Every structure is written in structure tokens, then in C-alpha cells.
Amino acid sequence: MSTGNNFCGINFQPAIFNASGAWCASETELRDLGKSSAGAILIKSTTLEPRSGNDKPRFFTNEFGSLNSMGLPNLGPQKYKEILPTLRQYKKPIIASIAGMSPDHFVPISQHYLDAGVDALEVNLSCPNLVGKPQIAFDFEKSRNILQDVKNIAGKTPVGVKLPPYPDPIFNIQMAHIIRELKIDFVTVINSVPHCAFIDSEKEEFVIKNKFGGLGGKYVKPVALGQVRRFYELLEGKVPIIGCGGIETGKDIVEHFLAGASTVQVGTQLMKEGPQVFARLEKEFSEELEKKNCTAKDLVGRAKPREKQLGEMLDY
Ligand code: DHB
């Protein structure tokens, strides 16, 4: 059964690839993705100038997920542009993630990648780790202007937006208006859940230097599924959604698809397991599809509300 999907003129085979940020900043990491079973290569969120990021320790994992305060370490668009031709040998779609440190940086960064011929742009309006800088995605006017500017220069190259988990659906509604009005090509949800903290009770210290970071992994799967479904409904299934958050198994992928995702990204589990995670997930997803006797595409948005009160549920 096909684990692939095709949208925005891009063929994802399988419809599983890395989340921006995970294993995708250095040339070696990008080549590793190329050699893996990932269905695309997504480059680390890129700022106009290279950055070394926040002080370490800045990444932590446990059995339930991860906490990161990376601070956008990346090689800058010029370097990624140089690396790009070598990534073409892997014959996978290549997507760039754009993260301006100021609103007027989004166009020049995007232009570098358009010149290099990337297959799509993912505009990151949700970096949670820049101290003193609010996530742009909560400022709807600024978000609209940035997306419009990038759309204006992108021509036929698809432009998507990466969003944070919104704590109230009114925010999803406002963003959905912008997505429709500007004909944004895809939506990636969710970025990590911001300003979370883990504390080591024995050492009486936070696990990362910045104290606060973005949460990912198993902890966030229900948050991600809620956001995927909100946007699937608000956009009436007409704008493809990339589901991201808490994918560890083939069943998790099925849940994202049932919620409304057309493909998925993997972050925390990629960091824990390395790029071989994609071969395992593809196999597990394929087995789940066999059991259901359907393709990945058939699953998109298929989850329905539970109707029957079941014995194991509290009868409130
Ligand atoms: C970083 C983390 C994110 O979740 C993101 O979207 C962009 C950047 C980071 O800290 O590098």
C-alpha cells in the first residue's frame, strides 16, 4: 500500500520526512537525510546571517520527548545554496525553512533559496527560542505581510507556513483567513510547544542553560493532532497540512493522517534514533495501511467523532 503522497506538485515517497531543526543543519546531516528513507529533505531554519545559536546545554531528551533552546544555529543561505546541488543526487524534494530575525529578512533569505531552485519554502513564523522576540505567528498583521511578500517573489514555488500550537481556536481562525486570502500552499503544524521547562530534582537545576525551551515528542502529540484537525476543518481540506508532533511509530503517523495531515515530519524521534528512523517508520506505516487495506492518501481527515458511549468511559 502506498505510503507516499503528492501535493503542491511535489511527490513525497514516503510521506514522512524530517522536521526543520532535527538533523538538518550541517552538510553531513543533510547528506544523511539524503541517504535515508526520508521522503524529502528539509533544511534547518535559515537566518540571513549564519548563527551559532544559544549556549549549550540546549537540547535534552527523556522517554517522553525533548526540550530545545537551540537559538537557530544555521550556516546561512549562502552556504546552504552551495550545498544544495550535491543534495540533488538523492532525488528527493528539497524544502527550505525561512526564519528572518526581522520581518524584512524573509524575502532576501527566500530569494537565495529560489535562486537555488528549491522545491518549496516553509516560512517559519514560530521560533520559540529567541530571547525577547515574540513568535511572529501571534501578530497577524506582521504574519500576513511576511507571507504576502514571500508569496509575491515565489512564482510557482509552493510557499507553506510553519505555525505554533495556538492556545485558542480564535487564533487558528484568524490565521486560516490569511492562508486562504494569500493562497498559501501548505501549513505545517506544530512547532514545539514554547516556554516549557524540565527540572532535575536531585541536582535542583533546569536541564538546559536557558531554562525555557520548546517541547517536542510524545508529550505534544495530542496538541499536534488538535492543531492538524483545526486547520483541516477551517481550510475545508483544500490546503495540505503537514503534521508534526509526537511521531514515534507507524500508528502515530496513521493518527496524524486521520486528523487531516497529508504528510508528516519527525523531529524528536529523529534526534533520538538517527536517520534510520525513516526506514522503520515507513515499514510500520506500510503495515498499518495493509491492515486497513488503504493508501496513505485515503486516510487524510477520515477520523470521525465518537458517537457511542462506551463502557470504559466515565458517564458524565
Ligand atoms: C529553533 C527552534 C524552533 O522550534 C524553531 O522553529 C526554529 C528555531 C531553534 O531554537 O533553533
Side-chain angles (χ1 to χ4, degrees), residues 17-26 29-30 42-61 65-77 79-80 95-103 105-106 109-110 113 120-139 142-143 146-147 150 160-167 175 186-198 206-217 219-221 223-224 227 242-247 264-271:
F17 61 105
N18 68 294
S20 181
W23 211 289
C24 61
S26 68
E29 288 173 333
L30 290 164
L42 175 53
I43 299 169
K44 169 73 186 169
S45 288
T46 308
T47 51
L48 197 49
E49 300 298 331
R51 284 172 59 88
S52 53
N54 293 336
D55 287 347
K56 293 177 181 174
R58 58 191 185 184
F59 183 72
F60 178 87
T61 62
S66 67
L67 191 74
N68 89 82
S69 179
M70 302 302 289
L72 285 170
N74 75 94
L75 305 178
K79 183 68 189 166
Y80 289 123
I95 305 172
S97 169
I98 314 297
M101 295 295 287
S102 110
H105 289 183
F106 283 83
I109 305 166
S110 301
Y113 278 117
L121 300 174
E122 184 182 82
V123 178
N124 183 355
L125 299 182
S126 48
C127 178
N129 295 325
L130 299 170
V131 176
K133 279 191 184 281
Q135 290 179 71
I136 298 167
F138 286 87
D139 181 332
K142 212 181 253 181
S143 295
I146 290 169
L147 289 171
V150 175
V161 60
K162 173 128 180 219
L163 296 171
Y166 284 120
M175 185 51 78
F186 64 91
V187 179
T188 305
V189 275
I190 58 174
N191 207 320
S192 47
V193 176
H195 56 93
C196 292
F198 290 1
F206 292 90
V207 300
I208 55 176
K209 178 124 192 230
N210 261 358
K211 298 179 286 192
F212 307 100
L215 185 69
Y219 288 112
V220 310
K221 189 176 73 174
V223 180
Q227 297 292 309
I242 303 182
C244 182
I247 290 174
V264 294
Q265 295 177 351
V266 184
T268 298
Q269 195 59 27
L270 167 57
M271 294 304 289

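For ligands, and for the atoms within them, numbers begin at 1 and follow the listed sequence. None of the values given here were measured: they were computed from a predicted structure. What's counted below: heavy atoms across the whole structure, side chains too, no hydrogens, waters or symmetry copies.
- By the criterion of a heavy-atom distance under 4.0 Å, neither the backbone nor the side chain of Leu130 is placed next to ligand 1.
- At least one heavy atom of Lys44 sits closer than 4.0 Å to an atom of ligand 1.
- Of all the heavy atoms in Ile109 and Thr46, the pair that sits closest is CD1-O, 3.4 Å.
- Contact between Leu72 and Ala99 at its shortest, heavy atoms only, is CD2-CB, 4.0 Å.
- Ligand 1 has a nitrogen or oxygen under 3.5 angstrom from a nitrogen or oxygen of Gly71.
- With a 4.0 Å cut-off on non-hydrogen atoms, Leu72 touches ligand 1 through its backbone as well as its side chain.
- The Asn191 neighbourhood of ligand 1 comprises atoms 3 (C), 4 (O), 5 (C), 6 (O), with distances under 4.0 Å to a heavy atom of that residue.
- Looking at Asn191, its side chain does come within 3.5 Å of a backbone N or O of Ser126 through a donor-acceptor pair.
- For ligand 1, the atoms closer than 4.0 angstrom to any heavy atom of Asn68 are 2 (C), 10 (O).
- Among all non-hydrogen protein atoms, the one lying nearest atom 1 (C) of ligand 1 is Cys127 SG, 3.5 Å.
- Between Pro128 and ligand 1, a contact under 3.5 Å exists for no N or O pair.
- Looking from atom 2 (C) of ligand 1 to the surrounding protein, the closest heavy atom is Asn129 ND2, 3.5 Å.
- Side-chain atoms of Asn129 come within 3.5 Å of backbone N or O of Asn68 as a donor-acceptor pair.
- Considering all non-hydrogen atoms of both residues, Leu75 and Tyr80 come closest at N-OH, 3.2 Å.
- Side-chain atoms of Ser20 come within 3.5 Å of backbone atoms of Ser45 as a donor-acceptor pair (strictly under, hydrogens ignored).
- The contact set between ligand 1 and Pro73, taken as ligand atoms under 4.0 Å from a residue heavy atom, comprises 11 (O).
- Between the side chain of Ser26 and the main chain of Cys24, no donor-acceptor pair closer than 3.5 Å is present.
- Heavy-atom contacts of Asn124 reach the following atoms of ligand 1: 5 (C), 6 (O), 7 (C) (cutoff under 4.0 Å).
- Atoms CE and OG, on Met175 and Ser143 in that order, are 4.0 Å from each other to the nearest 0.5 Å.
- Any N or O atom pair closer than 3.5 Å counts here, and Ser192 shares at least one such pair with ligand 1.
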